[in-house]
K.L.:
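This is the structure I want to talk about, given as C-alpha cells.
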Amino acid sequence: MTDRQFTFPTAEKLKSRKLIQQLFAQGKSAHVPLLTCHFLIDPAPLPVPLQAGVGASSRQFKKATDRNRIKRLLREAYRHNKYELLKMLTNQGQTMVLFFIYTGKELPTLQQVENAVQLILQQLQRRISTTKPS
RNA sequence: CUAUAUUCCCGAGCCAUCGUUCCGCUAACGCGGGAAGGAAAGUCCGGACAGCACAGAGCAACCUACCGGUGAAGAGCCGGCUUUCGCCUCCGGCGAAAAGAGAAAGUGCCACAGAAAAUAACUACCCUAUUCGCAAGAACAGGGAAAAGGUGAAAAAGUGAGGUAAAAGCUCACUAUGCCGUUGGGUAACCAAUGGCAUGGGUAAACCUUAGGUGCUGUAAUGCCAUGUAUAGGAUCGCCUGAAGACUGCUCGUCUGAGAUCCAGGGUAGGCAGCAAGAUCAGUACAGCAAUGUACUGACCAGAUAAAUGAUGGUUUAGAAACAGAAUCCGGCUUACGAGGAAUUAGCUUU
C-alpha cells in the first residue's frame with residue numbers, strides 16, 4: 001500500500017474479456033437505487049487485490065456523451081471511496097472483481113453517484129466479512 | 001437605435017488540489033510536454049491504403065447528364081450560359097431557384113370537372129336525302145367541320161387577312177416553337193443576323209432511349225510473433241472420366257488443381273506492425289474575377305482497445321449555459337446547436 005489512496009491506475013481496471021464474461025456468468029450482484037454492482041470473490045489469480053469496471057446501458061442512454069459522463073462520474077466516485085474495501089481485502093488475502101452498472105434513467109450528479117457507490121461498497125464489505133475463511 | 005433572416009468569426013482563459021492516458025528523460029522516486037469537434041454525428045458522395053494468384057467476350061445491374069475551370073477525386077467548389085420566378089428607375093438592370101440530355105423512337109399514365117385528356121363532335125354551325133307541314137320550319141338518317149360555348153392545371157400554335165356550304169396552317173403576312181444549314185462573335189454552353197423544311201398537349205421524380213462511366217470487399221482490412229489443441233470421431237462429394245475455388249452479379253471462356261462441405265466436440269480470444277509527419281497546420285508574398293495554385297518561413301498538434309482527455313474550489317468576464325465524444329486517415333455534402341462579436345437587409349427616431 002502506498003500513501004496515495006485516491007488513485008485508479010491501469011492495473012486496477014478490469015480489462016480481461018475473459019474475466020468479465022466469467023464475472024457476469026458466475027458472479028453475484030448488489031443493488032441500490034441508481035446502481036447495480038456485479039462482483040465475484042476470489043476468481044482467477046490477479047496482480048492486484050481489486051479490479052473494477054464501469055458501464056451504462058446504451059439502450060437507456062443513446063448518446064455517447066451521456067454514457068461517457070456517467071462512466072466518468074462512477075470512476076471518480078469509486079476512486080474516492082474504494083480504499084476501505086481494498087484495505088479489508090488486502091488484510092484477508094482475498095481478491096475481487098467488480099463491475100458497476102448505472103441503472104438510473106436520467107443523468108445523475110456526482111453527489112448522487114457518490115452516495116450510491118458508498119452504499120454498495122459498504123454492502124460488499126459486509127459480505128466479505130461473512131465469507132471470511134475460517 | 002431596434003428587429004428578423006442569411007453569411008462569417010468564436011465554441012473560453014488562468015490558478016490550486018486530486019486523478020486518467022500517451023510520449024520523452026531518469027537506476028529509481030519522479031520531472032517535463034501533448035490530450036476531442038465544428039460538427040468528432042448522419043454514413044450521403046469522393047479518394048488514399050490493404051487484400052482478393054491472372055487475360056478476355058457478352059448480358060444484366062448501378063451511377064452521371066448545359067459549358068468551362070479547379071482539384072488526387074467527386075453527386076463538391078468557382079465562374080459562365082439557358083430557362084423560370086420576383087423586384088426596380090422596365091428596348092435594360094438586380095436578385096433567387098433549377099432532378100438543366102431526349103416526349104419529333106416506342107409503350108404506359110393524366111385525379112375532379114368536362115362531350116372529349118389524345119385515333120376529340122355534347123351544344124350550337126353547314127350540306128345532302130327522306131318524312132311531315134300551305135309556309136316559316138320540325139323530325140330523323142348520312143356526311144362535313146375544331147371557328148364559337150362551357151369544364152379543367154392543361155383542350156389540339158397566336159393575331160390579322162384570304163378562302164368556304166360552314167370551316168380548318170387550307171393559303172398568305174408577322175410572331176412562336178422544333179429540325180437542318182450559312183455568316184459573325186465566343187475555348188465552349190450559347191448569342192446575334194439570316195435561308196430552307198415542319199406545326200407535334202403534359203409526364204422521363206413511369207418504363208425507356210442516347211451519350212459517358214463503374215471489378216469486389218472494407219482497418220473487426222491485412223502482415224507477423226507468441227500460446228494452445230486433436231494427425232481423435234461421424235456423414236456426403238471428389239482425387240485428372242476434375243471435388244472445390246478464382247477472375248465476375250449471371251452466361252461463356254480462361255486459370256488453379258486434392259481436398260471440400262456439414263454434424264458433434266476441443267483450443268485460443270494475448271502481443272507487435274497497420275497507427276498518427278500529412279492532398280498537415282499557421283503566416284507572408286505572387287498569379288487568378290473566383291474556386292484554387294505556386295514560392296518562402298515557421299510549427300509538430302489525441303492515438304485508446306471494457307476503450308484516456310475528468311472532478312472540486314477560486315478567479316477573469318456582459319456570459320461560460322447549446323449541439324455533442326475521436327477509433328485507419330483525408331477532401332466534401334447534409335443535419336444538430338448557443339452566450340457574444342462582425343457584415344448585409346428591413347424598419348423607426350433624431351439632425
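Below, chains carry the letters A, B, ... as their sequence lines are ordered, and counting in each starts from 1. Keep in mind that the numbers below use all heavy atoms, side chains included, and drop hydrogens, waters and symmetry copies. In this text the structure is predicted, and so the values were computed from the model without any measurement.
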K.L.:
OP1 or OP2 of B:A306 versus the side-chain N and O atoms of A:R75: is any pair under 4.0 Å?
P.N.:
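For A:R75, the contact criterion (side-chain N or O under 4.0 Å from OP1 or OP2 of B:A306) is not met.
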K.L.:
Considering Watson-Crick and G-U wobble pairs with both distances under 3.5 Å, what does B:C85 pair with?
P.N.:
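Per the H-bond distance test, B:G95.
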K.L.:
With rounding to whole Å, what would you report as the distance between B:U292 and B:G69 at their C1' atoms?
P.N.:
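Per the computed distance, 10 Å lies between those C1' atoms.
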K.L.:
In whole Å, measure the gap between the P atoms of B:A146 and B:A156 for me.
P.N.:
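Pairwise P distance, B:A146 against B:A156, rounds to 12 Å.
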K.L.:
Whole-Å distance between B:A36 C1' and A:K63 NZ?
P.N.:
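Taking atom C1' of B:A36 as the reference, NZ of A:K63 is at 18 Å.
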K.L.:
Syn versus anti for B:G38, judged by chi lying within 90° of 0?
P.N.:
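You should classify B:G38 as syn.
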K.L.:
In whole angstroms, how far is the C1' atom of B:A306 from the CD1 atom of A:I101?
P.N.:
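Distance check: A:I101 CD1 to B:A306 C1' gives 11 Å.
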K.L.:
Provide the Watson-Crick or G-U wobble partner of B:U268, both distances under 3.5 Å; none if there is no partner.
P.N.:
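Check on B:U268: unpaired, no WC or wobble geometry under 3.5 Å.
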K.L.:
Quick one: look up who B:A145 pairs with, Watson-Crick or G-U, both distances under 3.5 Å, and put none if it's unpaired.
P.N.:
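Matched B:A145 with nothing under the 3.5 Å cut-off.
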K.L.:
Between B:C18 and B:A276, how far apart are the two C1' atoms, rounded to whole Å?
P.N.:
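Per the computed distance, 31 Å lies between those C1' atoms.
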K.L.:
Let me know the distance between CG of A:N68 and C1' of B:A40, rounded to the nearest Å.
P.N.:
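A:N68 atom CG is separated from B:A40 atom C1' by 12 Å.
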K.L.:
Examine B:G19: is either OP1 or OP2 under 4.0 Å from a nitrogen or oxygen in the side chain of A:R72? Give yes or no.
P.N.:
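No, because none of the side-chain N or O atoms of A:R72 sits under 4.0 Å from OP1 or OP2 of B:G19.
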K.L.:
Can you tell me how far P of B:A311 sits from OH of A:Y78, to the nearest Å?
P.N.:
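Roughly 20 Å, once rounded to whole Å.
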K.L.:
Rounded to whole angstrom, note down the P distance from B:G265 over to B:A246.
P.N.:
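After rounding to an integer number of Å, I get 29 Å for this pair.
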K.L.:
With a 3.5 Å distance limit and no angle check, can you tell me whether A:R67 reaches the backbone of A:F61 through a side-chain donor-acceptor pair?
P.N.:
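Yes, the answer is positive, given that a donor and an acceptor are paired below the 3.5 Å cut-off.
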K.L.:
Rounded to the Å, how far apart are A:R69 CZ and B:C323 P?
P.N.:
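Result: 14 Å.
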K.L.:
Checking A:S29 against A:H31: is there a side-chain donor and acceptor pair closer than 3.5 Å?
P.N.:
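Yes, a side-chain donor-acceptor pair sits under 3.5 Å.
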K.L.:
Between atom CD in A:E76 and atom P in B:C18, what is the gap in whole Å?
P.N.:
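Whole-Å distance recorded here is 13 Å.
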K.L.:
Taking the nucleotide of RNA chain B with the closest heavy atom to each, which residue, A:L73 or A:D66, is nearer the 5' end?
P.N.:
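Nearest-nucleotide comparison on RNA chain B picks A:L73.
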K.L.:
If the P atom of B:A258 is compared with that of B:U241, how far apart are they to the nearest Å?
P.N.:
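The same atom, P, in both gives a distance of 15 Å.
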K.L.:
Determine the contact category for A:R67: base if any of its heavy atoms lies under 4.0 Å from a base atom, sugar-phosphate if only primed atoms, P, OP1 or OP2 are that close, otherwise nothing.
P.N.:
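It contacts nothing in the nucleic acid.
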K.L.:
According to a strict under-4.0 Å criterion, is A:T65 in side-chain N/O contact with OP1 or OP2 of B:A324?
P.N.:
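The answer is no; no side-chain N or O of A:T65 sits under 4.0 Å from OP1 or OP2.
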K.L.:
Is the base of B:C301 syn or anti, if syn means a glycosidic angle within 90° of 0?
P.N.:
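Because its glycosidic torsion lies within 90° of 0, B:C301 adopts the syn conformation.
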K.L.:
For the C1' atoms, the ones on B:C250 and on B:G215, what distance do you get once it is rounded to whole angstrom?
P.N.:
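My reading of the C1' atoms in B:C250 and B:G215 gives 15 Å.
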K.L.:
According to the Watson-Crick and G-U wobble definitions, with both distances under 3.5 Å, which nucleotide is paired to B:U210?
P.N.:
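The answer is B:A65, by the H-bond criterion.
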K.L.:
Between B:A306 atom P and A:L74 atom CG, what is the distance in whole Å?
P.N.:
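These atoms are roughly 18 Å apart.
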K.L.:
Is the glycosidic torsion of B:G158 within 90° of 0, making it syn, or is it anti?
P.N.:
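Classified anti.
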K.L.:
What distance, rounded to whole Å, do you find between the two P atoms, one in B:A189 and one in B:G332?
P.N.:
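Those two atoms are separated by 32 Å.
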K.L.:
State whether the side chain of A:T103 and the backbone N or O of A:L34 hold a donor-acceptor pair below 3.5 Å, judged by distance alone.
P.N.:
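It does hold such a pair.
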K.L.:
Return the pairing partner of B:G298 with a 3.5 Å limit on both distances, Watson-Crick or G-U wobble; otherwise return none.
P.N.:
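Base-paired to B:C281.
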K.L.:
Under a 3.5 Å limit for both distances, which nucleotide forms a Watson-Crick or G-U wobble pair with B:G178, could you say?
P.N.:
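Because both required distances fall under 3.5 Å, B:G178 counts as paired with B:C197.
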K.L.:
Whole Å only: how far is the NZ atom of A:K71 from the C1' atom of B:G325?
P.N.:
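Taking atom C1' of B:G325 as the reference, NZ of A:K71 is at 11 Å.
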K.L.:
Pairing check on B:G37: which nucleotide meets the Watson-Crick or G-U wobble criteria with it, both distances under 3.5 Å?
P.N.:
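Per the H-bond distance test, B:C323.
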K.L.:
Checking one value: the base orientation of B:A36, syn if chi is within 90 degrees of 0, otherwise anti.
P.N.:
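It is syn.
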K.L.:
According to the Watson-Crick and G-U wobble definitions, with both distances under 3.5 Å, which nucleotide is paired to B:C170?
P.N.:
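Pairing partner, where one exists within any strand: B:G162.
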